[in-house]
Amino acid sequence: MSSTQTPSFPSRLPMVGTTVFTVMSALATDHQAINLGQGFPDFPCDRNLIAKVNEAMLTDRNQYPPMIGIAELRNGIAQKIQNLYGHTYNPETEITITAGGTQGILTSILSCVSPGDEVVIIEPAYDSYRPSIDLAGGKTISVALEVMRDTSGQVSSYAIPWDALAKAINAKTRLIIINTPHNPTGMVWERADLNRLADLVRNTSTLILSDEVYEHMVFDGAKHYSVASHPELATRSFLISSFGKTYHVTGWKVGYVAAPTSLTKEFRKVHQFNVFTVNTPMQYGLAAYLTDASHYLDLPAFYQAKRDFFRSGLNKTGFKLLPTPGTYFQCVDYSGLNIPQTKLNEADFCKWLTSNIGVAAIPVSAFYDQATESGVVRFCYAKQEQTLTSALQRLQNL
Ligand code: GLN
């Protein structure tokens, strides 16, 4: 090796490339397509929230906050969880502010998974789970959601694979990762599902990581069942949530992890040497905004209206709509469209849809490690009505 050459080393994540969200957003930009791929709102957040952050900055809240997050925000989160889910987390010892949900997930995994430990995930799964487990030296055991089909063979819904989950859990299972409301399918867990999960892990030393970043997007009058609403699960769970989805500020990257004291103690050991602290003015702004519960209590109606508007437009296309009880994602089966591109795999179909039809989507196969094709793609409908209308016009020409 010459002295001017950068030394090479084995990649810690050899299988990882650029995330599908970044790839599809770039493709959408290249083709000036309407971006219904990566999940983020295209409308502004509340000016009052920005004013509260401005006020924090202008009143010199600009130095390091406490490592665990400012008390006002942790107290507000504890209060919210108590009100909604009935569990009391001690804000001093059980709630930590993170730089978004993804950091909360990685740090939770790094704090409890040792080399050789097994971690069970349910695919389709959010793309950060597996690399986070890899970084911890853990072994990912994936079980697949059951794909239910109608008589014509099109995907109609998904079901939790209880038998496969039961088989996957053994003495080496350190952690099970669940996600409700679920990205990408939009499915939500019911109380009975939490009970079944509790049955599976009772008398084991398996922990739970529950990714609930879409907790305030559950529709048709249904409830979100958090692990915090289940006393038995709460005692062994890292509960992850985020303000980005709830307050239309995905770029602020502020979230939190609530977990029993012993889990939080280990979590904070990793957190303090990873991000150390999360930016101060955002925390003050969010803490002030959080005192008004209407900002999250109004969210289901807000997104349900968008979902219903988008679905009624999609009903005029050849896409088969899957149910969307939660999240801001709508999955569709494209196999019934009357075009030759139905033969394409999901990733190629999304590329074609972006470059030729001008609407970007995300292939559900990207949420599986071993690409699993079911002819389903995901749209994000967290968009202004005029964005959705333009996208629907293009999709209705298919
Ligand atoms: N959570 C977002 C989604 O599923 C994307 C976040 C990201 O781009 N990493 O679309």
Side-chain angles (χ1 to χ4, degrees), residues 13 15-30 33-43 45 98-109 121-135 145 158 177-188 209-217 240-257 275 299 303 306-307 310 322 324 326-332 346-347 350-351 353-354 359-369 376-383 387-388 391:
L13 294 171
M15 306 311 284
V16 169
T18 308
T19 83
V20 66
F21 309 109
T22 305
V23 170
M24 291 311 300
S25 283
L27 196 67
T29 307
D30 287 351
I34 299 166
N35 190 356
L36 303 190
Q38 190 176 26
F40 63 89
D42 76 339
F43 43 84
C45 69
T98 60
T102 304
Q103 184 243 313
I105 292 165
L106 172 64
T107 303
S108 301
I109 292 171
I121 66 170
I122 306 172
E123 289 185 324
Y126 187 56
D127 68 346
S128 85
Y129 300 163
R130 187 182 283 268
S132 301
I133 298 162
D134 287 347
L135 286 174
L145 274 184
Y158 297 89
I177 302 182
I178 66 168
N179 171 212
T180 180
H182 183 245
N183 180 9
T185 66
M187 75 181 284
V188 300
L209 186 160
S210 186
D211 175 355
E212 301 183 17
V213 298
Y214 300 98
E215 64 179 316
H216 300 298
M217 290 172 214
I240 316 282
S241 195
S242 151
F243 295 103
K245 311 319 194 237
T246 306
Y247 295 150
H248 319 309
V249 288
T250 59
W252 288 11
K253 300 298 295 175
V254 184
Y256 58 90
V257 175
V275 293
L299 208 65
Y303 271 120
K306 290 198 181 295
R307 178 199 66 167
F310 189 50
L322 275 67
T324 304
T327 72
Y328 51 39
F329 301 119
Q330 171 66 55
C331 284
V332 297
E346 293 171 16
C350 286
K351 285 181 193 147
L353 199 68
T354 307
V359 180
I362 298 288
V364 168
S365 56
F367 292 74
Y368 290 88
D369 183 52
V376 176
V377 298
R378 186 198 83 176
F379 292 118
C380 171
Y381 58 78
K383 307 294 166 189
T387 310
L388 295 176

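The residues of the chain are indexed from 1 along the displayed sequence. Whatever order the structure lists ligands and atoms in, that order sets their numbers, starting from 1.
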Undergrad: Looking only at heavy atoms, which two atoms of Lys383 and Phe40 are closest? And how far apart?
TA: NZ-O, 2.5 Å

Undergrad: Identify the closest protein heavy atom to atom 8 (O) of ligand 1: which residue and atom is it, and at what distance?
TA: Gln38 NE2, 2.7 Å

Undergrad: Students often mix this up, so state it plainly: with edges at 30° and 60°, are the rings of Tyr247 and Phe243 parallel, tilted or perpendicular?
TA: parallel

Undergrad: Is the shortest side-chain heavy-atom distance between Val275 and Thr107 below 4.5 Å?
TA: no

Undergrad: When rounded to the nearest 0.5 angstrom, what distance separates OG1 in Thr324 from CZ in Phe310?
TA: 9.5 Å

Undergrad: Using heavy-atom distances only, which candidate in Phe40, Phe21, Tyr126, Phe329 approaches atom 1 (N) of ligand 1 most closely?
TA: Tyr126

Undergrad: For ligand 1, which atoms have a heavy atom of Tyr214 less than 4.0 angstrom away?
TA: 1 (N)

Undergrad: Which atom pair, heavy atoms only, marks the closest approach of Ser242 to Tyr256?
TA: N-CE2, 4.4 Å

Undergrad: Taking only heavy atoms of Gly39 into account, list the atoms of ligand 1 that are under 4.0 Å away from them.
TA: 3 (C), 10 (O)

Undergrad: Where does Arg378 meet ligand 1, judged by heavy-atom distances below 4.0 Å: at the side chain, the backbone, both, or neither?
TA: side chain

Undergrad: Where does the angle between the aromatic ring planes of Phe43 and Tyr303 fall among parallel (under 30°), tilted (30 to 60°) and perpendicular (over 60°)?
TA: tilted

Undergrad: Go through ligand 1 atom by atom and flag the ones less than 4.0 Å from a non-hydrogen atom of Asn183.
TA: 3 (C), 4 (O)

Undergrad: Would you say Tyr328 contacts ligand 1, with heavy atoms under 4.0 Å as the rule?
TA: no

Undergrad: Is Thr19 in polar range of ligand 1, meaning some N or O pair under 3.5 Å apart?
TA: no

